[in-house]
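Reviewing the structure listed below.
A, B, ... follow the sequence lines: proteins, then strands. Residue 1 opens every chain.
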Amino acid sequence: MLRFPLIRQFLLIAAVACLLLVVQNAASVMMVHADNDQARQWITYSSVALLVVLLGAAFLYSRVVSQKLRKILRGMEAVRRGEYPKLLADRQDDIGDIVRGFNQMVEELRARDEKLQSWATKAETQVEVLSHSVQAEREKLGTVLDSIGEGVIVLDSDSKVLMANWRVGEIFGVPMDALRTTDLRMLVEQVRHRLVQPDEVDRKLHDLQQNPDLMGEITLELDEPGGQSIRLYCAPVRDNEGKLLGRIATSLDLGKEREMERLKTEFISTISHELRTPLTSIKGSLGLIRGGAAGNVSPDMRELLEIAGTNTDRLIQVINDILDVVQLERGQARIRPLSMSLRESVEHAMLAMSSRAHARNITVESQFPADLPAVKGDPKRVEQVLVNLLSNAIKFSEPGQRVVVNAKAEADTVVLSVQDFGCGMNREFLSRLFSKFEHAQDSLTRESQGAGLGLAICRHIVEAHGGQIWVESELGKGSTFHFSLPALDRDRQLLPINRRMSAQGKLVLVIEDDEDVARVISYVFESLGNRVLVARNGSEGIEMVKRHHPAMLTVDLMMPRVDGYQVLTELRQNPETKDIPIICISVEPDPREALARGADYFIEKPIAIEKLREVAVKAMTAGAGGRA
Amino acid sequence: MRIQRLLLAEDDPDIQKVVRMSLRVRGVTDVLLADNGEDCLRLAKDKRPDVVLLDVMMPRMDGYETCRRLKLDPETRDIPVIFLTAKAQHFEMKRGLDAGALGYLIKPFDPMTLHDQIVAVLDTRAEAAGA
């Protein structure tokens, strides 16, 4: 098809116009040269006619073009309204091309819109699915939160409530629907009139607001019957890049906690009481029989009574340990730290354990540097730790082995170590060693005594002093228990009270095969401020005198194998022991032989305690050579 | 201090026997027995013992209340009271001493030294009074 582009149409018109101008000019020339009016007139008319034709053609052409352009404009308007019009492309010129281009553009637009619509529909569906999923998750989370007995609040970064469970509504007296339109400060306002310390709560809220990283607690002590007390724990929540998203606050009803604590205390108190009451009758009866209050006791009976007595004491110790650990856990145990000498505590503990060590043929040694600083501690409690560690070390050592107590200054602490070379422990057991109710079941010695509270008690005592306790152990090679205590500055060493105690306490050795009698004698000397060591027979007594150099001793005359008379003779013959004051205690009514062999005092059994106390005081002040 | 007459407030008959025997061995034979706090108050007023040995858990009136009332009554307030109880926690001891007791002995006790422990507590008071 013949195409007639617009530019060519313009060129054609321009060419015709030019031709007309040429004709017009030619006509003008002709008119100048024309010789008559008729010719001039024809030329004029023909020129005018040509001009009119030309103008008419131009007018018609512009009208056609204008109509086409208006159609296109209407089409564009329709597109703007969201329609997709199709224009008639009947011309083979530029206008026709524009119309076709327009139609093509509208088609592409329709296709694109349809595609977009399809995507939008898909996106809407996905959003709907996601929205349902989020809602379902939210409901699940709400159910989980509601199943929690304590309050949980999810806050945004401005402390506005995003989620909260029923308990929060209950605590603050706010309906669940209203919770989502509130914030933490508004919640606190709800209970402000019941707050015991509103200023403190305001300060905490302010701190939380100022410091996004703060993990804080706000205790809402409410002044109401029953003294309800709520503690809110606030923790920040961040995204992967560390930006603060908000906080999660959880509540803890301290009232419930206190009630649990009260029930626990009541339970412990009741159990302790109910166990102690029958044990009082058992221990009392056994003690009275062993002490001869119900007549003579045969050797077999005595042995059986010993077994019953020992096991009764073990039961009592378990109860005492349970009470001790409970009170230490609560921080209610009596710990009175003062400036103290570890050397003295170690000596006391070693003395307390010497009978047990001797019975198992274990040697206990101590190694102290001369310039060991004093520490801040409660002497009785530190001694309790040492006795516990020594008891374990002796229990898990083989006969003939030794146990070593070391002390050394480290930074601003003093570290004490109790080392044995016994069976040791495996790694798996070490991790829970200082927990309650754990004790080593030693397959070698088959020994396992106690409720497994000893090391838990040690840990609590050491930690209450600000120290640490730890252990190194290897199976088959032994164990070393270490614990640290805070050392005192050199210029704050040992208060006078400690030195005075040291000067007053003397070591007394009681050589007595009857455990009950030994206990009575020990009690008398201990009540006078002395430390007591007990030997179970004559030969053990002589050995302990040489080893410990007591300030005074008592000796029973009637003992198996090496009796009291032999003890007297041997000690008085030895220059190192000949001046030690000796009190003889015996069922023998005649004191003459004992006094002749070197006894300074004589007391008849059954022991009159006032008499023994009187003699003890006299012996300690007069020394050897007195007579009673 | 020599004990002539002792009042034991204790509801457990076995422990009553053990305490009586422990004291008898040491020469204290005049031991009055009360099964509960109310009887203890009455006997303390009527018989004027040298010392009252008091259990905590007793029917009708517990030991703390009994001790408090003994200390409120002008006729009995000078009689020393020593608790002998299985209540061994620190707060329980404090409660006993706060009620006005002179001492606090914990069960189980050593029957051979019970008398001396009581005397030691009484001596403490005598020393304090002397000072």
* Asked: Do A:S269 and B:E92 have side-chain atoms, one donor and one acceptor, less than 3.5 Å apart?
  -> yes
* Asked: Pick from A:L323, A:N320, A:D324: which one has the most heavy-atom pairs with chain B under 4.5 Å?
  -> A:L323
* To do: Could you look at A:L279 and say if it's the side chain, the backbone, both or neither that has a heavy atom under 4.5 Å from chain B?
  => both
* Structure fact -> Filtered by a 4.5 Å non-hydrogen cutoff, the part of residues 12-19 of chain B contacting chain A is B:D12, B:D14, B:I15, B:V18
* To do: Could you check which of B:L114, B:T113, B:V56 has the highest count of heavy-atom pairs closer than 4.5 Å to chain A?
  => B:T113
* Structure fact -> Applying side chain to side chain contact (heavy atoms under 4.5 Å, CB included) to A:N388 and not counting sequence neighbours gives A:C458
* Minimum heavy-atom separation for A:S272 to B:A86, with atom names? -> OG-O, 3.8 Å
* Asked: Atom OG1 of A:T265 and atom CD of B:Q89: how far apart are they, to the nearest 0.5 Å?
  -> 6.5 Å
* Asked: Would one find more than 12 heavy atoms of other residues, nucleotides or ligands at under 6.0 Å from atom CE of B:M21?
  -> no
* Does any pair with a residue in residues 260-295 of chain A pass ring-ring contact (aromatic ring centres under 6.0 Å, His included), and if so which ones, sequence neighbours excluded? -> none
* **Contact listing (chain A partner; residues 97-108 of chain B; heavy atom under 4.5 Å)** => B:I106, B:K107, B:P108
* Asked: Do other residues, nucleotides or ligands put more than 12 heavy atoms under 6.0 Å from the CG atom of B:D46?
  -> yes
* Within a radius of less than 6.0 Å around CD of A:E463, do more than 12 heavy atoms belonging to other residues, nucleotides or ligands occur? -> yes
* Considering all heavy atoms of both residues, which atom of B:P111 and which atom of A:G287 are nearest to each other, and what is their separation? -> CG-CA, 3.7 Å
* **B:R20 side, atom CZ; A:L288 side, atom CG - distance, nearest 0.5 Å** => 13.0 Å
* **Proximal component of A:L286, with respect to chain B [non-hydrogen, under 4.5 Å]** => neither
* To do: Just give me the residue among A:L275, A:T270, A:T277 that pairs up with chain B most often, heavy atom to heavy atom, under 4.5 Å.
  => A:T277
* Asked: Heavy-atom distance under 4.5 Å to chain A: side chain of B:A120, backbone, both or neither?
  -> side chain
